[in-house]
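Presented below is the structure to which this report refers.
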Amino acid sequence: QVQLVESGGGLVQPGGSLRLSCAASGTFFRLNTMAWYRQAPGKEREVVAIITSGGSTNYLDSVKGRFAISRDNAKNTVYLQMNSLKPEDTAVYYCHAQAQPGRWTYESDYWGQGTQVTVSS
């Protein structure tokens, strides 16, 4: 089983920065693609950034050039550096991982509990 624990959310003024972290723990064979999603009140959850086990990344158009996803495979941790934050970035941010619980098992999806990011003056 894989547990994902996010940290780093909070209140920030427009134009400010935050860095989210998501640490994976538990017993698993391999962490594959990891990602950050967000969900604003009254809206559907959307993918913000994705990073493969090899380091390839992809971003939501509205955050390109402002956000950067990275991972430390030795620490089983994924990060989201968020710069030039805007009020429309306000949402609960969720960490997601695709992982193999065991060497001979299929990949499964895992979610963190979410961390609130509020951008407001």
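The closest donor-acceptor contact from the side chain of R71 to the backbone of T52 lies under 3.5 Å. In this structure, E6 contributes its side chain and C95 its backbone to a donor-acceptor pair below 3.5 Å. Under a 3.5 Å cut-off, the side chain of Q1 and the backbone N or O of P101 do not form any donor-acceptor pair.
Note on Y37 and L18: separate hydrophobic clusters, where clusters join Ile, Leu, Val, Met, Phe, Trp and Tyr whose side-chain heavy atoms are under 4.5 Å apart, directly or indirectly. Cluster annotation: V2 and I50 are assigned to distinct hydrophobic clusters (Ile/Leu/Val/Met/Phe/Trp/Tyr, side-chain heavy-atom contacts under 4.5 Å, transitive). Under the 4.5 Å side-chain heavy-atom criterion for ILVMFWY residues, no single connected hydrophobic cluster contains both L80 and V92. V5 and V78 sit in two unconnected hydrophobic clusters of ILVMFWY residues. Membership requires side-chain heavy atoms under 4.5 Å apart, directly or through other members. Note: the hydrophobic cluster containing Y79 does not contain V117 (ILVMFWY, side chain heavy atoms under 4.5 Å, direct or indirect links).
Of the inter-residue distances, the one linking N83 atom CG with R66 atom CZ reads 9.0 Å to the nearest 0.5 angstrom. For the atom pair OG1 (T27) and CD (Q3), the distance works out to 8.0 Å, reported to the nearest 0.5 Å. For the atom pair OG of S62 and NZ of K86, the computed distance is 7.5 Å after rounding to the nearest 0.5 Å. Taking CD of Q100 as the reference point, atom CG of L31 lies at 10.0 Å (rounded to 0.5 Å). Note: L85 CG to S120 OG = 12.0 Å, rounded to the nearest 0.5 Å.
Summarising the geometry of Q81 relative to S17, their closest heavy-atom pair is NE2-CB, 4.0 Å, with the distance given to 0.1 Å. Considering every non-hydrogen atom in both C22 and L4, the closest pair reads SG-CB, 3.9 Å. Residues W36 and S21 come closest through the heavy atom pair CH2-O, 3.6 Å. Between A68 and Y59, the shortest heavy-atom contact is CA-OH, 3.3 Å. When every heavy atom of I69 is checked against every heavy atom of M34, the shortest pair comes out as CD1-O, 4.2 Å. Closest of all the heavy-atom pairs between A40 and A91 is N-CB, 3.8 Å.
The number of heavy-atom neighbours closer than 6.0 Å to CD of E44, taken from other residues, nucleotides and ligands shown, is 12 or below.
Using the six-membered ring where Trp is involved, Y93 and F67 have ring planes that are tilted, between 30° and 60° apart.
Using a 4.5 Å heavy-atom threshold, the side chains of N76 and S25 count as separate.
Put simply, the residue from T115, T90, D89 that forms a side chain to side chain donor-acceptor pair (under 3.5 Å) with R38 is D89.
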Does the side-chain contact (heavy atoms from CB on, under 4.5 Å) test come out yes or no for M82 and L20, once each step is laid out? CA-CA 8 Å; M82 305 185 293; L20 305 182; 3.8 Å; yes

